[in-house]
Amino acid sequence: EAGVAQSPRYKIIEKRQSVAFWCNPISGHATLYWYQQILGQGPKLLIQFQNNGVVDDSQLPKDRFSAERLKGVDSTLKIQPAKLEDSAVYLCASSPRITGELFFGEGSRLTVL
Amino acid sequence: GIQVEQSPPDLILQEGANSTLRCNFSDSVNNLQWFHQNPWGQLINLFYIPSGTKQNGRLSATTVATERYSLLYISSSQTTDSGVYFCADSGGSNYKLTFGKGTLLTVNP
């Protein structure tokens, strides 16, 4: 069974530029998560989808971050404009149900200069 | 939301030693999971354990839901066990999985 796929693995941009990350969850998984992990910290939930609806986006900085999950399958996370403090690893995870075991992708490492 | 406290924050072991990692939760547990983040950053789910005890090889986990804590046991540690161990739960009132700050484990040969 294929795991959670993410791209790109690495991205370097300058502040005020935009960036987009893509995630394809495990087939059949209804719940999809985007987490932000800053070096030395635990992952922080940005947004959680159940199928193509948003369950929680309370910690998503909505003035610059946006995410969508069209058709309830893959998802895109966008940052525009980026700030220095957005440098982090963006982790996508999926789960077969809203309370269940999470499976993570390898992450997308963003460096903002 | 739920608060997750992990201890110890750092742990250094010699290969072959045993260890116990602990997580305390501020709310009732219902979605408790343990993860290992390897030195390359990959997060691997070790256990989904909202209650009871589970074992997988040299690793085992116990959750005492009534007292809001969970323990991860690593026996006969190996250098490949090095990395950061996280626990996470969503608490009793929502589905948002909140992570602790992690325990950094270093196993020396």
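Here the structure is a predicted model, which is why all the values come from computation and not from measurement.
Heavy atoms of other residues, nucleotides or ligands lying less than 6.0 angstrom from NZ of A/Lys71 number 12 at most. Other residues, nucleotides and ligands place more than 12 heavy atoms under 6.0 Å from the CZ atom of B/Arg22. No more than 12 heavy-atom neighbours from other residues, nucleotides or ligands sit within 6.0 angstrom of CD on B/Glu5. The neighbour count for A/Leu39 CG, taken as heavy atoms of other residues, nucleotides or ligands under 6.0 Å away, does not exceed 12.
Options B/Phe35, B/Phe47, B/Tyr48 differ in how many heavy-atom pairs under 4.5 Å they form with chain A, and the most are formed by B/Tyr48. Here A/Gln37 is the residue among A/Gln37, A/Lys44, A/Gln41 with the most heavy-atom pairs under 4.5 Å with chain B. Taking A/Thr31, A/Val89, A/Leu102 one by one and counting their heavy-atom pairs under 4.5 Å with chain B, the maximum is reached by A/Leu102. Ranked by heavy-atom pairs shorter than 4.5 Å toward chain B, the options A/Leu45, A/Asp56, A/Ile98, A/Val55 are led by A/Ile98.
The part of B/Gln37 that comes within reach of chain A is its side chain, from C-beta onward, which places non-hydrogen atoms under 4.5 angstrom from that chain. Contact annotation for B/Leu97: both backbone and side-chain heavy atoms come within less than 4.5 Å of a heavy atom of chain A.
No path of Ile, Leu, Val, Met, Phe, Trp and Tyr side chains, each step under 4.5 Å between heavy atoms, connects B/Val4 with A/Tyr35, placing them in separate hydrophobic clusters. Cluster membership check: A/Phe21 does not share its hydrophobic cluster with A/Val4, using side-chain heavy-atom separations under 4.5 Å among Ile, Leu, Val, Met, Phe, Trp and Tyr. Under a hydrophobic clustering in which Ile, Leu, Val, Met, Phe, Trp and Tyr are joined whenever their side-chain heavy atoms come within less than 4.5 Å, directly or via other members, A/Leu32 and A/Phe65 fall into the same cluster. Put simply, B/Tyr73 and B/Tyr85 are part of two different groups of oily side chains (I, L, V, M, F, W, Y) that touch within less than 4.5 Å, one to the next. Both A/Phe49 and A/Leu60 belong to a common hydrophobic cluster when Ile, Leu, Val, Met, Phe, Trp and Tyr are linked at side-chain heavy-atom distances under 4.5 angstrom.
Remark: the backbone N or O of A/Gly100 is paired with a side-chain donor or acceptor of B/Asn31 at under 3.5 angstrom. No side-chain donor-acceptor contact under 3.5 Å links A/Glu106 to the backbone of B/Leu43.
Of all residues in residues 5-18 of chain A, none places a non-hydrogen atom less than 4.5 angstrom from a non-hydrogen atom of chain B.
Between A/Ser58 and B/Lys96 the shortest heavy-atom distance is OG-NZ, 3.8 Å.
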